[in-house]
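Residue numbers begin at 1 in each chain, while the letters A, B, ... track the order of the sequences. Basis for what follows: all heavy atoms, side chains included, without hydrogens, waters or symmetry-related copies.
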Amino acid sequence: MPELPEVETIRLGLEEHIVGKKIVSVEVRLKKIISGDIAKITGAKFKKIRRFGKALSLDLDNNYSIAIHVKMTGQLIWESDEIKVSRVSKVLVGELPNKFTHVIFKLKNQNLKGKTENSFLFYNDIRQFGWIKILSTSDVEKLPFVSELGPEPSVGDRVRDRVRDRETLTLKKFQQILKNKSTKIKVLLMDQKRIGGVGNIYANDALFLAGIDPRRQAKSLSTNETRRLYQSIEEVLKQGLKYGGSSEFTYVNALGETGEYQKHFLVYGFYKKPCSRCGGKVLTIKLGGRGTFFCPHCQN
DNA sequence: CGGAGTGCCTGACGGC
DNA sequence: TGCCGTCAGGCACTCC
């Protein structure tokens, strides 16, 4: 499920492949996925791709933007008509378009020789939880999801120009967020209004790396534990980004390729696997309605 | 304020 | 083989 590293990986791919290309037309196959006026974006060129937590904003050169949240199973895949060597995962995507393709953006650009090239940006979504909103660029940050988004952990220099100081999760802010909160620490980590970009996979792994029991109340963490968890969050997100995200389910990058972080999970998804640190039994429980994995021996 | 429940949706999976 | 019930899960929303 796409979280900060996955969405950032998609962003980097889109930045490389669609910026400068013009939207020729938009085909909507499932109306409820998309809102706003398609006419506003037809003919405009992609200028910049921004990320806000797990959401993206595809900014155009006419002061309009396409805001997208892929939620659980959304895929944004760019495919050129000219380059026939497709890297699209046969297992996680298959043919394009397919029955889960709900919106198709047809793109056009001139190559270096002045020849016209055609390409497509497909939005696929099995569970149809995701959304696409066409709105003026100045309204993107007014979307509730964006305006209420908590500060984001830093994942290194590769990551875009978007982060302003008030949006970066510093240790000091993290301490402030945990202070006096009786919420369970894992539930808090995943609350987008408090911390932006962390979802179930990385919350599980960060708590494992920090050796903290996910059931603990946020306010019960000591200064040292808080610092350890803060560093662990950055560490697992960086690992996720390094491996191009996690494709344990339907996630693929902007070229339809799978990520590899699922091969490096620390504790997430360890249904029958022993703890990677002590060999003991990994417990599966529910917290905040979501599957939670932890080692009761290594996480206290 | 926290916590629990519901809805959205479909593929996977277990039971028979 | 296939039908049926259950479940996962990001986020919004309601209710207590």
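- Looking at A:Glu27 and A:Arg29, a side-chain N of the basic residue comes within less than 4.0 Å of a carboxylate O on the acidic one, giving a salt bridge.
- Screening A:Lys47, A:Arg50, A:Lys48 for a salt bridge (Lys or Arg N to Asp or Glu O under 4.0 Å) with A:Asp59, the sole residue that qualifies is A:Arg50.
- Consecutive pairing runs in DNA chain C reach the stem threshold at B:2-16 with C:2-16, where a stem means at least three Watson-Crick or G-U wobble pairs with distances under 3.5 Å.
- Between A:Asp191 atom CG and B:dG3 atom P there is a gap of 11 Å when expressed in whole angstrom units.
- Rounded to whole angstrom, the span from the CD atom of A:Gln128 across to the P atom of B:dG7 amounts to 18 Å.
- Interatomic distance, A:Lys173 NZ to A:Ile195 CD1, rounded to the nearest 0.5 Å: 11.5 Å.
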Sugar-phosphate or base contact per nucleotide [nucleotides 9-16 of chain C; S, B, -; heavy atom under 4.0 Å]:
BBBS----

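- The one candidate from A:Thr101, A:Asn124, A:Thr250, A:Thr258 that meets the side chain to side chain contact (heavy atoms under 4.5 Å, CB included) condition with A:Val93 is A:Asn124.
- Residue A:Val103 is tested with A:Ile132, A:Ile66, A:Ile68 for a side chain to side chain contact (heavy atoms under 4.5 Å, CB included); the sole match is A:Ile132.
- Proximity of A:Lys219 to the phosphate of B:dC1: no side-chain N or O atom is located under 4.0 Å from OP1 or OP2.
- In this structure, the NE2 atom of A:His102 is 10 Å from the P atom of B:dC9, given to the nearest Å.
- Position along DNA chain B of the nearest nucleotide to A:Asn180 versus A:Phe249 favours A:Asn180 as the more 5'-ward residue.
- For the 3.5 Å distance criterion, the side chains of A:Asn224 and A:Ser222 fail to qualify, holding no donor opposite an acceptor.
- The backbone N or O of A:Gly197 lies less than 3.5 Å from a partner atom in the side chain of A:Gln192, making a donor-acceptor pair.
- Counting to the nearest Å, the P atom of B:dG2 and the CD1 atom of A:Ile177 are 13 Å from each other.
- Along DNA chain B, the nucleotide closest to A:Thr183 and the one closest to A:Asp125 are compared, and the more 5′ of them pairs with A:Thr183.
- Ring centroids of A:Tyr202 and A:Tyr261 are separated by less than 6.0 Å, placing the two rings close together.
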